[in-house]
Amino acid sequence: MHHKDGLIKDLEILYSAKPTPVRGASRIQKELSRRVLQTPDPKRIHTIAGADIAICVKEKKLVCGMILFSYPELEEIERVWTVSDEAFPYVPGLLGFREAPCIIKTFGKLRECCDMIMIDGHGLAHPRGFGLACHVGVLLDIPAMGVAKKCLYGTFSEPGFNRGERTLIRGKDGEVVGAALRTRDGVKPVFVSIGNRTDLDTSVAIALECSRGLRIPEPTRLADKYVGLLKKDVCG
DNA sequence: GCGACAG
DNA sequence: ATCTTGTCGC
């Protein structure tokens, strides 16, 4: 229903239509990393969605919540959610295989598409250049960016004390893979990287614009709060 | 071989 | 991610 299932269909080949084995997943990531588009669309962004997931350990369920906001006002437009069976274990570096399917399913419930989706995790700042934000962005073929609370891959120097200051995160070959961004004076930085159809400067500007007083940008912060409530309702 | 390791 | 009370500070 959402204007592009082409890529997802192609990917069923890579996913083999069967549960993706942990080994083999890395190869798929390297393969798909080439599909990450690092150029933003010319038109301005008017809406942004934030997504997050909560886990029901005993029930083995993943609860995904997504909230769509106007941008830059950040007024809520709608919120949707879904519950999925846990189909892939948590393995550092393979988070996309665990969470992207749930986020994609939830995205399908939005009545309105979004100009950007902010993901709780990394995009290009990943060992194989294909973090969760890229996984979601590429499969849905929409603009996506990652905002993580901890660095997973690459090296960076501590950004300056003031809100807005940033430093680049560089990969093994010195390539820029993301940015460490101070969203509040003196508070730990967040790690921003490209998911798809955007560039680093744009992503950093959006992360900063969405960080109103708190360290975590509103889209993912509120989505996190949302799934926290959903979890209590859905599980024990 | 050793340490690191998003959510 | 999740398990959890109080507590330091603006």
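Here is how names work: the chains are called A, B, and so on, in the same order as the sequence lines, proteins then strands, and each is numbered from 1. The figures that follow rest on heavy atoms only: side chains count, while hydrogens, waters and symmetry mates do not.
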Checking all strands, does [X] fall into the base, sugar-phosphate, or nothing category for heavy-atom contacts under 4.0 angstrom?
X: A:G146; answer: nothing
X: A:A125; answer: nothing
X: A:L95; answer: base

Please state how far atom [atom1] in [X] lies from atom [atom2] in [N], giving the value in whole angstrom units.
X: A:H122; N: B:dA4; atom1: NE2; atom2: P; answer: 17 Å
X: A:K232; N: C:dA1; atom1: NZ; atom2: P; answer: 16 Å
X: A:F88; N: C:dA1; atom1: CZ; atom2: P; answer: 19 Å
X: A:I103; N: B:dA6; atom1: CD1; atom2: P; answer: 16 Å
X: A:K188; N: B:dA6; atom1: NZ; atom2: C1'; answer: 15 Å
X: A:K172; N: B:dC5; atom1: NZ; atom2: P; answer: 16 Å
X: A:K61; N: C:dT2; atom1: NZ; atom2: P; answer: 16 Å
X: A:R221; N: B:dG7; atom1: CZ; atom2: P; answer: 16 Å

**Prompt:** Under a single-linkage definition using a 4.5 Å side-chain heavy-atom cutoff for Ile, Leu, Val, Met, Phe, Trp and Tyr, are A:V176 and A:M145 assigned to the same hydrophobic cluster?
**Reply:**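 Yes, A:V176 and A:M145 fall within the same hydrophobic cluster.
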Has [X] got a side-chain N or O lying under 4.0 Å from the OP1 or OP2 atom of [N]?
X: A:K149; N: C:dA1; value: yes
X: A:Y153; N: B:dA6; value: no
X: A:K231; N: C:dC3; value: yes

**Heavy-atom side-chain contact between A:E209 and A:Y71 under 4.5 Å** =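 Counting from C-beta outward, A:E209 and A:Y71 do come under 4.5 Å.
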**Prompt:** Nearest to the side chain of A:R98 - B:dG7, B:dA6, C:dT2?
**Reply:**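 So the side chain of A:R98 is nearest to B:dG7.
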**Message:** Going by centres under 5.5 angstrom and planes under 30 degrees, do the aromatic ring of A:Y90 and the base ring of B:dG7 stack?
**Reply:**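 By the stated criterion, A:Y90 and B:dG7 stack.
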**Request:** Could you go through the side-chain hydrogen bond (donor to acceptor under 3.5 Å, both in side chains) check for A:S84 and A:K61 one step at a time?
**Result:** CA-CA 6 Å; A:S84 308; A:K61 300 283 188 185; over 6 Å; no
**Request:** Over 60° means perpendicular and under 30° means parallel, so classify the ring planes of A:H135 and A:F97, tilted if in between.
**Result:**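 A:F97 and A:H135: perpendicular rings.
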**Message:** Less than 6.0 angstrom from the centroid, inside 45 degrees of the normal: does A:R170 satisfy that with respect to the ring of A:F156?
**Reply:**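 Geometry flag: not set, cation outside 6.0 Å or 45°.
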